[in-house]
There are 2 protein chains.
Amino acid sequence: MDDITNQEQAIELLQQLGLKEYEAKSFVALARRQRGTAKDISDTSEVPRTRVYDAIRVLESKGLVETQHSNPQVFRAVSVDEAVNTLQSEYVERTESLRNTLSGLDPIDGDEQTETTHEVWSISGDQGITSRTRQLIEGATEELILVIGHEGVFTDQLVEQLQLARERDVKVIIGTVDDELRTTVQDALPDTEVFVSELEWLSRSPLPDDDTEISRLLLVDREAILVSSFTETTADGRGHEQGVFGRGFDNGLVAITRRLMATGLPSVNDPETERA
Amino acid sequence: MDDITNQEQAIELLQQLGLKEYEAKSFVALARRQRGTAKDISDTSEVPRTRVYDAIRVLESKGLVETQHSNPQVFRAVSVDEAVNTLQSEYVERTESLRNTLSGLDPIDGDEQTETTHEVWSISGDQGITSRTRQLIEGATEELILVIGHEGVFTDQLVEQLQLARERDVKVIIGTVDDELRTTVQDALPDTEVFVSELEWLSRSPLPDDDTEISRLLLVDREAILVSSFTETTADGRGHEQGVFGRGFDNGLVAITRRLMATGLPSVNDPETERA
DNA sequence: ATGTATTGTGATTAACTGAGTGAACGACTG
DNA sequence: CAGTCGTTCACTCAGTTAATCACAATACAT
């Protein structure tokens with residue numbers, strides 16, 4: 001019974017969703033016993049009895065708890081589904097109204113120098129990088145070279161996006177760093193060319209004491225590039241992903257990567273390519 | 001151009017979604033001008049220039065902003081749709097994983113006194129009351145008496161739920177406090193009996209200086225009741241709704257309400273009713 | 001080359017929020 | 001009537017965030 005972990009996770013999630021520590025703990029305690037008094041809740045959570053009341057009041061106003069005004073008061077948690085739906089709809093509501101207000105902002109136009117070339121943008125966090133990756137894949141029209149250096153990035157969603165690209169007649173080439181991952185990818189995308197890169201530096205850093213590994217490397221139509229690396233942050237459990245992304249055939253980063261890919265990947269080498 | 005309000009609303013929403021004040025302000029400023037330096041952002045928001053950098057870093061890790069590491073650094077906001085989708089999927093993810101962890105909690109069983117009678121639960125907040133209302137309507141099998149005392153509660157969703165109840169052969173009776181509202185309701189639900197209550201206390205409080213009005217009054221199968229009231233909180237813009245809800249034919253609250261309804265509503269008076 | 005304005009980082013302080021604790025008061029029990 | 005329990009309220013302490021300043025690094029103009 002690893003329910004200790006489970007419970008802590010629920011508390012953590014509730015806090016991420018905007019509840020205070022006491023509120024989250026009280027709710028979880030109450031959800032486990034369906035109904036209970038302030039004392040009951042205080043016993044099964046680590047919330048001081050005197051503060052349970054405040055916490056419950058907040059939970060009640062959010063529609064997660066109901067109160068029986070007897071003496072002693074008895075509290076009751078709504079069903080899990082009801083609670084989750086309530087929270088979820090609250091957030092969907094907020095994001096939708098955010099969408100409206102944001103698109104309703106009137107723009108301030110500064111100097112309109114649309115100097116897209118030579119730009120290199122940096123992004124960080126799995127969220128943003130995944131999003132940018134998707135966008136690039138969706139925008140591909142001819143060729144798509146993707147090197148996966150970290151199994152974590154090979155998600156179902158990614159597979160789906162790649163398949164859509166293939167259906168748009170985009171040539172999809174996928175590289176991996178080891179044979180195990182290659183097999184996984186090949187299984188998921190049978191019709192796609194998948195290989196293990198010969199490039200040493202992709203899988204192993206030439207520097208000692210470097211716990212950063214290449215995570216993704218994406219070249220779209222030979223004119224847009226995204227590279228990301230993954231660092232195991234020793235302290236907390238999960239690491240941090242950061243990357244750069246550039247666009248434009250003349251872009252320095254794009255040019256370099258194009259060359260690197262050409263040397264390391266088998267089928268990228270067709271003569272027509274090297275028009276630089 | 002009431003964009004001042006619009007902008008403030010966007011900032012407010014972003015903060016509710018977990019961003020800090022500086023982060024929200026920076027993002028909105030950046031979203032308005034598509035790209036800009038720290039100075040630009042500081043000028044169009046009220047964020048001290050020296051703090052823009054921290055804010056942007058956080059935004060970047062959330063996938064809302066990209067950075068060009070030139071000198072001076074240039075920041076760029078992702079598109080509105082992309083930003084909103086990122087935020088939304090983040091929360092949907094969290095709620096779904098919350099659903100799992102919550103339903104995976106092992107219950108603690110206390111004293112199993114399922115003494116449902118005589119219980120009166122109190123709930124507060126539009127969220128919870130609406131949810132409980134829906135649940136009660138869905139559970140109705142024979143009769144459903146609903147008095148609407150505040151136009152705000154008469155939503156499209158409510159109409160839908162009531163129609164579903166009708167299709168289950170539940171007798172639906174709806175009361176209102178004024179004739180204007182009656183017409184609105186009757187239009188939305190043509191096949192349903194809608195009337196204006198004769199009960200004076202429903203629409204006007206007998207006490208002076210009482211800015212609380214009845215909001216909803218729901219009697220389900222004559223054995224479950226929900227009453228809610230609405231108070232204009234003078235300070236902030238919107239008011240607060242609070243209510244009580246009870247179940248069981250013997251329940252005091254239910255019994256009283258049953259009597260009250262019988263005296264105030266025309267068609268609730270069939271002899272078979274008064275079996276108490 | 002030199003002075004000046006601008007950019008980015010870090011340190012510091014003030015204001016605020018939330019966690020944690022205890023006093024006080026009323027309700028109920030024996 | 002005393003003692004226990006339930007509830008609210010007021011308060012302290014710690015951590016976080018907002019806000020300002022000082023300083024180093026860089027670009028820019030003369």
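Source: prediction; values computed, not measured. Every chain is numbered from 1, with letters handed out A, B, ... down the list of sequences.
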From [atom1] of [X] over to [atom2] of [N], roughly how many Å is that when rounded to an integer?
X       : N      : atom1 : atom2 : value
B/Gln73 : C/dT6  : CD    : P     : 18 Å
B/Glu46 : D/dT20 : CD    : C1'   : 16 Å
A/Gln68 : D/dG6  : CD    : P     : 15 Å
A/Ile11 : C/dA19 : CD1   : C1'   : 15 Å
A/Lys39 : D/dT8  : NZ    : C1'   : 18 Å
A/Asp54 : D/dC9  : CG    : C1'   : 9 Å
B/Asp40 : C/dG8  : CG    : P     : 11 Å
A/Ile56 : D/dT8  : CD1   : P     : 11 Å

Six-ring centre of A/Phe245, A/Arg132 cation under 6.0 angstrom, axis tolerance 45°: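 Ring-cation test returns yes.
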Side chain to side chain contact (heavy atoms under 4.5 Å, CB included) between A/Leu13 and A/Ile11, worked out: CA-CA 5 Å; A/Leu13 280 167; A/Ile11 292 171; over 6 Å; no
Within residues 20-30 of chain A, residues whose heavy atoms come under 4.0 Å of DNA chain C: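 Heavy-atom cutoff 4.0 Å gives A/Lys20, A/Glu21, A/Tyr22.
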DNA chain D: 5'-proximal contact among A/Ser70 and B/Thr50 (nearest heavy atom):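 Comparing both residues, the 5'-ward one is A/Ser70.
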B/Arg51, nearest nucleotide to its side chain (from C/dT9, C/dG10, C/dT7):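 For B/Arg51, the side-chain atoms sit closest to C/dG10.
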Residue A/Pro48, side-chain heavy atoms: nucleotide from D/dT26, D/dT7, C/dT21 that is nearest: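 The closest nucleotide is C/dT21.
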D/dT8 phosphate, OP1 or OP2, under 4.0 Å from A/Tyr53 side-chain N/O: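 So the side-chain polar atoms of A/Tyr53 never come under 4.0 Å of the phosphate oxygens OP1 or OP2 of D/dT8.
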C/dT21 OP1/OP2 closer than 4.0 Å to side-chain N/O of A/Arg49: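 No, A/Arg49 has no side-chain N/O under 4.0 Å of OP1/OP2 on C/dT21.
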State whether a side-chain donor-acceptor pair under 3.5 Å links [X] with [Y].
X        : Y       : answer
A/Thr37  : A/Arg49 : no
A/Ser131 : B/Glu82 : yes
B/Thr67  : B/Gln73 : no

Sole residue of B/Arg216, B/His150, B/Gln127 in side chain to side chain donor-acceptor pair (under 3.5 Å) with B/Glu241: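 Among B/Arg216, B/His150, B/Gln127, the one meeting side chain to side chain donor-acceptor pair (under 3.5 Å) with B/Glu241 is B/Arg216.
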Shortest non-hydrogen contact between B/Gln68 and A/Trp121, atoms and distance: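 Taking B/Gln68 first and A/Trp121 second, the nearest heavy atoms are N-CE3, 3.3 Å.
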